[in-house]
A.B. asks: 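Attaching a single structure in structure tokens format; questions to follow.
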Amino acid sequence: MAMFSQNPVLDGPNYSFAEAPTVRADGFREHRFNPYTDNGGTTVAVAGDGFAMMAGDTRSTSGYSINTRFAPKVFKIGGSTSSQEDANILLSVVGFAADGEALKERLDAICKMYRYRHGKPMTVNACAKRLSTILYQKRFFPYYVYAILGGLDEENKGAVYSYDPCRAGGAAASLIMPFLDNQVNFKNQYIPGSGVGHALQERERKPLPRSEVESLVKDAFDSAVERHIEVGDALQLMIITKDGIEEKILPLKQD
Amino acid sequence: MDHRPQAWGRPRDDVYGAYDASYMQTNNGPTQHTQQPIVTGTSVVAIKFKDGVVIAADNLASYGSLARFTDVKRLRTFAGTSVVGFGGDVSDMQYLDRHLTELSIDEAYKSDPGHSLNARNLHKYLSKLMYHRRSKFDPLWNSLLVAGLDDDQKPFLAATDLLGTTFTSPSLATGFGSVLAQPIMRRYAPDEESAAKLTQEKAVEVIKECMKVLFYRDARSMDKYSIAVITKEGVDLKENEKLENQSWAFADRIKGYGTQTV
């Protein structure tokens with residue numbers, strides 16, 4: 001009889017805590033914490049001849065509430081100090097702001113390490129490649145952001161890293177992108193009387209001057225503000241040229 | 001004789017049968033993370049003025065809709081120069097409070113006198129902590145406001161929440177306050193320039209007005225509250241304030257709810 005035996009029962013639950021049952025009797029119920037949110041906003045980047053322009057609105061939202069009217073989305077990256085005075089790269093992040101901040105700080109730290117190790121700033125295309133590996137490292141718990149990297153390439157031509165030489169991201173991307181396609185890339189623009197049907201010739205594409213891009217971007221945002229509640233408050237414009245980075249803050253509607 | 005130490009001091013299996021481990025108060029099964037707040041604090045409101053920041057929160061900790069604890073202090077000072085206001089889960093607030101106490105002691109030993117962490121440093125620290133915990137899928141279920149002064153001795157006010165989202169603004173409010181109090185505060189401080197013109201008296205008055213509106217309309221609020229004014233001179237924290245001059249005259253004009261038919 002087991003009752004009088006001095007041997008412990010070896011089959012069945014034992015004394016170790018780790019051996020305790022791991023399944024609850026009623027089966028699994030899962031309530032999961034959602035680690036993401038969307039803080040709204042929109043960013044735009046346009047590459048020109050000798051400059052790259054990055055723009056973003058400064059509104060931060062959660063749901064129908066405005067967190068703040070001034071939370072910049074475009075950042076200077078890879079300067080030798082935290083003031084970023086000698087930075088040569090711009091990064092815009094839109095989507096989940098906390099991930100955006102984390103991504104920005106990580107890329108900035110990497111660019112700074114590169115600068116200290118090699119004694120020269122990271123080029124934009126090197127930085128863009130590094131950014132893609134950082135994003136892929138978190139493939140299965142992604143940074144919930146749309147990131148655009150901008151700067152000047154080795155020939156001082158504007159470079160914008162996303163997929164196109166001009167790009168909009170974020171809440172109102174679908175409102176702004178068609179406008180940019182038409183006005184920057186001259187999509188659906190033809191030379192009048194150059195032919196009939198498929199013979200019709202497209203308008204020749206050429207990089208736009210800076211002043212024109214600036215007013216195009218302002219127009220794009222002004223119209224996005226009218227139609228999207230998550231966009232507004234102020235427009236942050238960053239223009240990178242061979243002389244450095246210029247920052248402008250223009251007002252947008254606050255409603 | 002059973003020689004295994006695990007078995008010592010426990011009822012003998014051969015006499016009483018195998019021990020039913022499901023009675024043990026250990027964490028059986030998967031590691032558990034906070035999935036929802038239990039005892040909660042409601043809004044925290046704060047506004048900048050020309051020399052500093054005013055911040056307030058009521059002294060209530062609710063258990064669902066039950067007003068469970070009525071003397072919970074939800075503002076805590078840090079290093080005598082900053083104030084953190086806690087909304088959300090109270091146990092996570094207490095964890096953060098212990099953590100901050102430890103941090104401030106460590107910092108007080110490490111750094112030169114008068115060179116402790118300021119509000120900006122503290123906010124960065126807390127937001128990194130919150131983001132780290134959300135990335136571990138084990139969030140601290142709070143929304144925090146950090147008030148104080150920055151590196152240039154300018155008023156500093158910033159927020160962080162369970163996701164690690166951060167933002168700063170001339171006025172900030174968490175929870176219901178972001179809907180009820182923020183529009184009132186934005187009337188007085190729509191931007192940094194107007195906040196920099198606000199007097200301390202006006203800022204305190206605006207905050208008290210906000211606390212009153214919150215008490216009128218937020219069912220998880222209370223008329224006993226804490227208020228702190230942070231300036232260069234230090235922190236003036238009052239933890240036992242009572243809302244005054246309320247008027248419930250509007251109440252008998254409310255019709256159409258519940259059983260009231262007339």
A.B. asks: What's the spacing between A/N67 CG and B/T165 OG1 if we round to 0.5 Å?
C.D. replies: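 It comes to 7.5 Å.
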
A.B. asks: When only pairs under 4.5 Å are counted, which of B/R134, B/K128, B/E192 shares the most heavy-atom pairs with chain A?
C.D. replies: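 Ranked by contacts with chain A, first place is B/R134.
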
A.B. asks: Heavy-atom distance under 4.5 Å between the side chains of B/Y131 and A/D99, does that happen here?
C.D. replies: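 Result yes, sub-4.5 Å side-chain heavy-atom pair found.
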
A.B. asks: Rounded to the nearest 0.5 Å, what separates atom OG1 in B/T166 from atom CD in A/E101?
C.D. replies: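 With rounding to 0.5 Å, OG1 (B/T166) is 5.0 Å from CD (A/E101).
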
A.B. asks: What pair of heavy atoms forms the shortest contact from A/N34 to B/L163, and how long is it?
C.D. replies: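 Looking at all heavy atoms of both residues, the shortest contact is O-CD2, 3.5 Å.
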
A.B. asks: Please step through side-chain contact (heavy atoms from CB on, under 4.5 Å) for the pair A/F33 and B/L162, ending with a clear verdict.
C.D. replies: CA-CA 10 Å; A/F33 158 68; B/L162 75 164; 3.7 Å; yes

A.B. asks: Would the number of heavy atoms belonging to other residues, nucleotides or ligands and lying under 6.0 Å from OH of A/Y64 be above 12?
C.D. replies: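 Not more than 12 within 6.0 Å, no.
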
A.B. asks: Flag yes if more than 12 heavy atoms outside A/Y144 fall under 6.0 Å of its OH atom; otherwise flag no.
C.D. replies: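 12 or below, so no.
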
A.B. asks: Considering residues, nucleotides and ligands other than A/F141, do more than 12 of their heavy atoms fall under 6.0 Å from its CZ?
C.D. replies: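 It does: A/F141 CZ has more than 12 such atoms within range.
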
A.B. asks: Considering residues, nucleotides and ligands other than A/Y143, do more than 12 of their heavy atoms fall under 6.0 Å from its OH?
C.D. replies: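 Count over threshold, so yes.
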
A.B. asks: What part of A/F96 gets closer than 4.5 Å to chain B, counting heavy atoms only: side chain, backbone, both or neither?
C.D. replies: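 Only the side chain of A/F96 comes within 4.5 Å of chain B.
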
A.B. asks: Check whether B/S135 gets within reach of chain A through its side chain, its backbone, both or neither, counting any heavy atom under 4.5 Å.
C.D. replies: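 Both backbone and side chain.
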
A.B. asks: Is B/F167 close to A/I66 at the side-chain level, that is, under 4.5 Å between some pair of heavy atoms?
C.D. replies: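 Heavy-atom side-chain distance check fails, nothing below 4.5 Å.
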
A.B. asks: Looking only at heavy atoms, what is the nearest atom pair of A/S65 and B/S178, with distance?
C.D. replies: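 Looking at all heavy atoms of both residues, the shortest contact is OG-OG, 4.4 Å.
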
A.B. asks: Is it the case that more than 12 heavy atoms not belonging to B/Y63 sit under 6.0 Å from its OH atom?
C.D. replies: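 Counting neighbours around OH of B/Y63, 12 or fewer heavy atoms of other residues, nucleotides or ligands fall under 6.0 Å, so no.
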
A.B. asks: Is any side-chain heavy atom of A/P35 closer than 4.5 Å to a side-chain heavy atom of B/F137?
C.D. replies: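 Yes, side chains in contact.
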
A.B. asks: Quick one: what part of A/Q254 sits under 4.5 Å from any heavy atom of chain B, side chain, backbone, both or neither?
C.D. replies: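 For A/Q254, neither part sits under 4.5 Å from chain B.
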
A.B. asks: Is atom CZ of B/R68 surrounded by more than 12 heavy atoms (other residues, nucleotides or ligands) closer than 6.0 Å?
C.D. replies: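 At most 12 heavy atoms, drawn from other residues, nucleotides or ligands, come within 6.0 Å of this atom.
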
